[in-house]
Every structure is written in C-alpha cells, then in structure tokens.
Amino acid sequence: MALVEREEMAQSANLTASRALSTVPGVVVQDFFGGNDQPRIQIRGSGLQQNPVERGILMLQDGLPLNRADGSYIVGFLNPNAASALEIYRGYTANRLGANVLGGAINMISPTGSSRPGVSLSASGGSFGQFGGSASAGFQGDGYDVHLHGNLTRRDGFRTWNESSRANIGGNVGIELSDNVKTRLFFGYTDLGFDVAGPLPKSYLKADPSQVHTGPVMTLPGPVATFPGPNVIRDKPRREAEQFLIGSRTTAEFDAHLFDIVLGYTYTDDMFRFPIASGIRTTKGGDFTGVLRYAYKPDASAVLPLFESTAQYTIGSADRENYHNLSGTQGPLFGKSELDATSLSLNAGFNVPFGESFIVSPAIAYSHATRDNRDVFTGATRPTVGYNPMNPTMRVPDGTVPARDSSYERRYSGWSPSLGVSYRPDESQIVFGAVSRSFEPPTHDDLLATVNGTPNTGPGRNPQNPAATDMFNTPDLDAQTATTIEAGWRGSHGDYAWDATAYYSWVDNELLNLRDASGTSLGAINADKTTHFGVELGLTARIADQWTARLAYTYQDFRFASDMVSGPGRVIPKGNRLAGAPRHVVNAVLQYDATENWMLQGAVRWLPSKTPVDNMNTLYADPYAVVDLRTQYRVNENVSLFAEVTNVFDTAYAASTLVIDQATRPDQAAFIPGDGRGFFVGVNAKF
C-alpha cells in the first residue's frame with residue numbers, strides 16, 4: 001500500500017489526479033482530454049483500454065465506493081484538492097477493501113475537523129484561462145468535530161474547444177457516541193463539465209498541438225478518406241456530470257474486536273455528447289452501498305489483524321437514453337434503456353505470525369455480479385442521421401433501421417483465493433511474496449455499445465457496409481480473471497527509502513474496448529489469453545543537506561498470449577503488445593530547499609520508448625520528456641506563495657492516445673496532445 005499525504009502532492013496551481021499520483025510507482029496516469037484532469041488511470045493494465053467511463057480500479061472516498069453498481073466510475077470525480085491523503089492499494093492487498101479486480105483500489109481520505117482545524121484559503125491562476133479557488137474550515141468540540149470544504153476550478157484550455165470546470169463542496173461530521181463507538185457522517189456534491197477536444201493525426205500534432213480535428217479529408221477519385229477521425233468543430237463533443245454522495249462510517253472497538261460499518265448513496269446525472277458516430281448518451285440513476293468489516297487483533301502491537309473479513313454490496317439502477325448528435329445539438333431519440341446492476345464482494349483472510357519476523361496471509365474472496373438491461377424503446381424502427389462526406393456540414397436525408405431488442409441479463413460469479421508471505425527483518429523493512437486471483441465482470445458500457453457509425457453518420461448507418469444496421473452491440477462477455485504472482489521489498493535506511501515490486505499476471509478473457517481507424521466504437525470483446533508483466537520501483541533520497549530526490553519508475557510489458565480474432569479478417573498475432581500501455585514511465589522530482597522558507601523544484605515526466613496505438617502494433621506514439629519547474633515561498637506561518645512553469649521547453653507530445661484495434665492508415669486521428677508551456681501563480685493562507 002502506498003500513501004500520498006497532501007503535503008507530498010505537487011504544489012501546483014492545477015493539482016490534477018495525474019500530478020497527485022505521479023510519485024506512486026505502478027500507477028500510470030495519462031491526461032486524456034488535453035490536461036484538464038480527465039485522465040485515463042490504470043494499475044497493472046486493469047481497464048487499460050476503456051475511456052471515457054472507466055473500470056478496473058475500485059475508487060473510494062473514506063471507504064465508500066465511488067464506482068457505480070456495475071463497476072464503472074467517472075474519473076473526474078476524483079478530486080485530490082479535497083483530500084488530505086490518497087491510499088493506493090496495488091494488486092491483492094486491495095481485497096481486504098472489497099476490491100477483487102486486478103488493478104486494486106484508490107481511497108481518497110477526507111480531512112476532518114480534528115486533523116485539519118482552522119480556516120484555509122487558496123487561489124491560483126495562469127495560462128490557458130485557468131483559475132482555481134478553494135476554502136475549508138475545521139473545528140472540534142467536546143466529542144465531535146466538523147470539516148467543510150469547497151473548491152472551484154475552470155480553464156479555457158490549451159486547445160480549441162477545450163473549456164473545463166469543476167465545482168465541489170463537501171464535508172463531514174465526526175461524533176464519539178461512546179468510548180468504544182465513533183461515527184462519521186459525510187456528504188459531497190460535484191458538478192463537472194468539460195469539452196472533449198479529441199485526437200489529432202500525428203502530423204497535425206507536430207504542426208500545431210492546440211488545434212482540433214475537423215474530420216476525414218475526402219479526395220477524388222473515389223472518394224478516398226484520408227486523416228480519418230471525428231469532426232470536433234461540427235459535433236462539439238462534451239461531458240457534463242453531477243454526482244451527489246451521502247454516507248456514514250461507524251467504527252466500534254471492543255478489546256480485540258473491531259467492527260466497521262459503511263453505508264452510502266450516490267446519485268449520478270451524466271451526459272456525454274460523443275461525436276456523431278456514437279451520439280448523445282444520458283444516464284441518470286442512484287446506487288446504494290453497504291460495507292461491513294470485522295477484524296480480530298488480539299496482539300495490539302501486531303502490524304496486521306490476526307483475522308479480517310469484508311462484505312461489500314452495491315445495488316443500483318439507471319435510466320439511459322441515446323440521441324443523435326446533430327452539430328452539437330440533441331437530435332432524435334434512438335435508444336432507451338433501464339439498467340440495473342448489483343455487485344457483491346466477500347473477503348476473509350488470516351495474518352498468521354510465525355516467529356517474530358514471518359507472517360503468512362491466506363485469504364479467499366467471492367464475487368457475484370448481475371447486469372440487466374431492459375430495452376424500453378417503443379418504436380418499430382430507429383432513426384438514422386448523416387452528413388455528406390464531401391461537405392460535412394450538409395445533412396443528408398434521414399433514414400431508419402429495424403429496432404432490434406438490446407435487452408440482456410448477465411450473471412457473473414467467481415472465487416479469488418490468495419496467499420501472501422511477508423518477512424520483516426526489522427521495523428524499517430519488509431520483504432513479501434504473493435500469489436492471487438482476481439475477478440472483474442464487465443460494466444454496462446462494455447455490454448451496451450453504440451456501433452456502426454462513421455465520422456459523418458450516426459449509429460446504424462455505415463455507407464461502406466449497408467448491411468450493418470444494428471445500432472447497439474450487446475456481446476455475451478465473460479468476466480475477466482487473472483492469476484498473479486508478485487514479490488517486493490519495501491524499506492528505509494538513513495536518508496534513503498525504497499519500494500520495489502515485480503509481478504506477472506496470466507489473464508483470461510481480458511476485456512478490450514475496440515475502435516476502428518476513425519476512432520468509432522466497435523464494442524467490447526474478451527481476449528482469449530494475455531499476460532501482464534511489470535516492475536514498480538519507487539526511490540526517495542536526501543542526497544545532500546538541502547537536496548532531496550524522488551523517482552517513480554514503472555515498467556509494463558502486456559502481451560497477447562495467443563492469436564486472437566478481433567473481427568472479420570482481423571487476427572492479432574500472439575506476442576503483440578496491448579495497445580495503450582507505455583512500456584517505461586519515469587516520473588522524477590528534484591527539490592532544493594534554498595532556505596527554511598524557500599523551495600525550488602524540478603520535475604520530469606519521461607516516456608523513453610514508443611507506445612502502440614493499435615493492438616496490431618502498426619502505429620505508435622512517439623517517446624517524450626516534459627519538464628516542469630516549481631517554487632514555493634513561505635511568507636510567514638500563515639501565508640505561502642507558489643509559482644510554476646509547466647512544459648518548460650514547450651514540447652509537442654501525445655499525453656495519451658485512442659486505443660484502436662487495427663490502424664489502417666498512418667494519418668488517422670489517434671493522438672491526444674498534452675498542454676504546451678504554461679505559467680501559473682497562487683497563494684495559500686491558513687488561519
């Protein structure tokens with residue numbers, strides 16, 4: 001488990017999830033929509049190819065899952081500005097939290113009135129029309145404490161059609177009901193909105209990374225489509241999402257027995273205006289979650305309980321509607337669904353000491369999930385729309401296709417045993433090894449995908465394949481499972497600390513979300529067999545009296561372990577790398593404390609090798625290195641100033657890419673530019 005305290009996060013005018021997690025090895029964060037904090041997060045490749053709604057990681061706030069009942073989550077709701085710390089559980093260690101997925105869990109810990117008393121204010125701004133402000137207040141009384149916070153960030157963006165904003169308010173109240181029982185009530189509301197600037201062809205990115213794509217270029221004779229990709233100017237893709245959260249956590253301790261009960265409810269209202277090929281999707285619904293944990297710890301000095309168990313159950317429903325996107329406005333309805341989901345996770349394990357230094361940790365987890373969709377669209381046909389490819393602002397006559405039923409009922413269950421062994425030669429070191437199973441059922445976004453659109457037509461209308469009239473793909477997917485072995489060494493000595501882990505996973509039925517050359521969804525499939533090998537290395541050192549350094553290095557080698565048929569005439573060869581996974585990721589920070597009150601810091605994000613964009617490994621994103629400079633000056637005990645220059649050398653680079661099944665042209669729009677050079681300043685005040 002890695003812990004990132006608020007003070008350890010980058011002192012930045014725009015503290016995004018990617019910056020907050022940059023010092024954690026094994027956590028790969030790629031800015032997906034132009035650096036406005038809508039990243040793709042993956043740990044050990046879990047959920048690697050899904051975006052914009054993510055899966056593969058259990059996201060928690062104070063132990064309450066932010067994931068919906070089907071396992072999906074909206075990454076923009078992860079707000080490090082509102083956290084006092086982030087806990088990252090990689091691999092099998094997350095089972096104790098109810099996370100049986102390959103990637104593990106991230107838990108956002110909220111500040112409390114006792115941990116963060118007083119009033120705090122901050123304001124910052126700078127390039128790309130960026131502005132941010134936050135305020136918090138905490139206090140405690142006799143047997144209770146209260147903490148409230150609010151923050152707002154907005155930016156025009158580095159690119160055209162790149163505006164974003166996020167407003168968040170929340171708080172919690174802690175109450176001591178007795179000497180043994182404590183409870184904490186918490187609530188939160190987030191309003192999130194951002195334009196989707198979309199991908200560019202590689203040549204466009206190098207020429208001007210701030211531009212957006214205007215769709216395929218049609219040339220005669222033929223016509224032949226070059227530079228395939230979405231028309232951002234016409235379609236105006238955007239996401240607007242709100243989430244309300246309320247919950248409680250009650251902890252009771254009776255001698256060696258600890259009980260922890262978490263109850264929560266979230267309501268999510270999500271609108272995503274995709275390019276015309278997918279249309280506009282609205283999803284509104286709520287999810288109830290209950291978590292019960294029990295731990296037995298007869299030896300108070302022990303690091304881990306002798307026995308612990310967790311039961312987590314989430315049930316939720318949502319109404320989903322699909323509309324055509326007509327030049328950024330809502331067109332005719334072509335789909336209406338009632339979605340229901342449940343997820344049950346049970347985990348029990350022992351931590352049995354052998355002698356003074358060894359602990360053996362056997363555990364077993366059980367997962368059961370349901371995914372139901374009832375198609376309530378009442379028409380006998382579904383409408384189709386399109387534009388003239390030679391004149392992409394000119395509508396062509398509307399059409400219809402048969403309204404085939406998209407209903408389904410899916411059931412998933414599986415056991416996930418694990419066995420860990422740890423050795424502590426002293427209090428500052430631990431060596432460990434483990435073998436574990438993981439289990440991950442698909443989400444509704446895997447099971448219900450819009451298909452058969454093009455950059456100039458809506459779903460169900462593909463002029464190149466007139467027989468493909470289905471508007472939805474509802475594959476009968478299996479759950480993704482994996483067997484993982486891992487070993488590691490964590491410790492510290494003097495001015496040095498390290499965290500090193502290596503793992504190897506044999507994955508069955510890996511869930512892949514495929515797109516064609518234009519970025520249009522092809523739906524999800526199960527890969528037969530894949531392998532994930534990785535190394536996660538973190539180092540911290542005080543290299544001189546005033547100099548400290550941190551390094552987070554991640555190595556990923558994810559491959560197809562057998563030939564895989566991904567579509568008609570498409571066979572991905574055994575040994576190909578999985579698209580979207582950079583092989584080497586290096587984040588390094590060097591800090592110089594010039595005086596007691598003045599700090600200077602340099603940071604580098606370095607991907608030294610190319611990353612495959614497609615599973616056929618024919619198109620690659622180029623390596624890059626981006627340098628940031630920061631400084632902070634503490635005026636007095638209450639006020640500090642900070643400044644930052646990001647991307648100092650104004651490097652044009654792809655912060656992320658679309659993940660494509662097979663790239664058919666080298667000029668297709670698949671590369672998501674990162675921000676150019678930016679200048680930012682800010683102030684923090686505490687009272």
Side-chain angles (χ1 to χ4, degrees), residues 4 6-23 29-39 76 78-83 120-136 150-160 162-168 192-195 197 209-210 550 587-594 597-605 624-635 639-653 655 672-686:
V4 183
R6 183 65 176 84
E7 291 76 13
E8 297 173 329
M9 300 178 193
Q11 186 60 257
S12 171
N14 185 27
L15 181 59
T16 62
S18 58
R19 294 183 179 182
L21 296 168
S22 63
T23 59
V29 188
Q30 298 168 295
D31 293 322
F32 201 75
F33 294 139
N36 58 358
D37 206 19
Q38 307 304 318
L78 178 65
N79 183 7
N81 286 291
S120 298
L121 302 172
S122 69
S124 63
S127 299
F128 320 132
Q130 182 174 301
F131 169 79
S134 65
S136 67
N151 63 76
L152 170 67
T153 59
R154 71 161 311 277
R155 67 188 331 239
D156 297 329
F158 166 65
R159 302 175 63 195
T160 303
N162 201 194
E163 184 273 333
S164 65
S165 64
R166 179 172 60 192
N168 171 259
L192 177 71
F194 56 90
D195 298 331
S210 68
R550 286 179 291 170
N587 285 279
V589 177
L590 180 64
Q591 181 170 314
Y592 173 61
D593 296 312
N597 297 319
W598 183 26
M599 175 274 288
L600 298 166
Q601 189 180 89
V604 61
R605 291 167 283 154
Y624 69 85
V626 175
V627 176
D628 300 335
L629 297 177
R630 307 182 186 106
T631 185
Q632 181 179 6
Y633 180 73
R634 189 172 64 178
V635 179
V639 179
S640 62
L641 307 174
F642 60 90
E644 181 179 24
V645 183
T646 60
N647 194 357
V648 173
F649 300 107
D650 203 23
T651 301
Y653 69 103
I672 313 292
D675 284 354
R677 184 189 297 118
F679 300 88
F680 307 92
V681 295
V683 58
N684 293 323
K686 299 179 181 180

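None of these values were measured; they are calculated from a predicted model.
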Could you walk me through whether Asp675 and Gln130 pass the side-chain contact (heavy atoms from CB on, under 4.5 Å) test, one step at a time?
-> CA-CA 12 Å; Asp675 284 354; Gln130 182 174 301; 6.0 Å; no

[X] [atom1] to [Y] [atom2] distance, which is reported to the nearest 0.5 Å:
X: Glu644; Y: Arg19; atom1: CD; atom2: CZ; value: 4.5 Å
X: Phe194; Y: Ser165; atom1: CZ; atom2: OG; value: 10.5 Å
X: Phe679; Y: Thr646; atom1: CZ; atom2: OG1; value: 8.5 Å
X: Thr631; Y: Met599; atom1: OG1; atom2: CE; value: 6.5 Å
X: Arg550; Y: Gln591; atom1: CZ; atom2: CD; value: 7.0 Å

Shortest non-hydrogen contact from [X] toward [Y]:
X: Gly676; Y: Asp650; value: CA-OD1, 3.5 Å
X: Ala625; Y: Thr651; value: O-OG1, 3.7 Å
X: Val4; Y: Ala20; value: CG1-O, 3.7 Å
X: Phe649; Y: Arg677; value: C-NH2, 3.8 Å

List for me each residue that meets side-chain contact (heavy atoms from CB on, under 4.5 Å) alongside [X], sequence neighbours excluded, and say none if there are none.
X: Val648; value: Val627, Leu629, Val645
X: Ala652; value: Leu205, Pro209
X: Thr153; value: Arg166
X: Ala588; value: Leu551, Val604

Would you please classify the geometry between the Tyr624 ring and the Tyr653 ring as parallel, tilted or perpendicular, with 30° and 60° separating the classes?
->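 Tilted.
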
Output yes when a side-chain donor or acceptor of Ser120 lies under 3.5 Å from a complementary backbone atom of Lys686, and no otherwise.
->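 Not confirmed, Ser120 side chain does not pair with Lys686 backbone.
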
Are the side chain of Asn684 and the backbone of Ser640 linked by a donor-acceptor contact shorter than 3.5 Å?
->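 Not at all, since once roles are kept as given, no pair shorter than 3.5 Å links the two residues.
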
Those residues that, when tested against Arg634, pass salt bridge (Lys or Arg N to Asp or Glu O under 4.0 Å) (two or more places apart) |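 With sequence neighbours excluded, Arg634 shows a salt bridge (Lys or Arg N to Asp or Glu O under 4.0 Å) to Glu596, given in chain and number order.
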
State which residues pass salt bridge (Lys or Arg N to Asp or Glu O under 4.0 Å) with Arg154; sequence neighbours excluded, sorted by chain then number.
->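 Once residues adjacent in sequence are excluded, the partners of Arg154 under the salt bridge (Lys or Arg N to Asp or Glu O under 4.0 Å) criterion are Asp156.
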
Given side chains that start at C-beta, do those of [X] and [Y] come closer than 4.5 Å, heavy atoms only?
X: Arg605; Y: Asp628; answer: yes
X: Ile672; Y: Asp31; answer: no
X: Asn79; Y: Asn151; answer: yes
X: Arg6; Y: Asn81; answer: yes
X: Asn587; Y: Thr23; answer: no

Partners passing side chain to side chain donor-acceptor pair (under 3.5 Å) against [X] (at least two apart in sequence or in another chain):
X: Ser210; value: Asp208
X: Asn647; value: none
X: Ser134; value: Ser122

Which residues pass the ring-ring contact (aromatic ring centres under 6.0 Å, His included) test with Phe680, sequence neighbours left out?
->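 Phe680 satisfies ring-ring contact (aromatic ring centres under 6.0 Å, His included) with no residue once adjacent residues are dropped.
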
Residues in ring-ring contact (aromatic ring centres under 6.0 Å, His included) with Tyr592, at least two apart?
->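 Here the qualifying residues are Trp547.
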
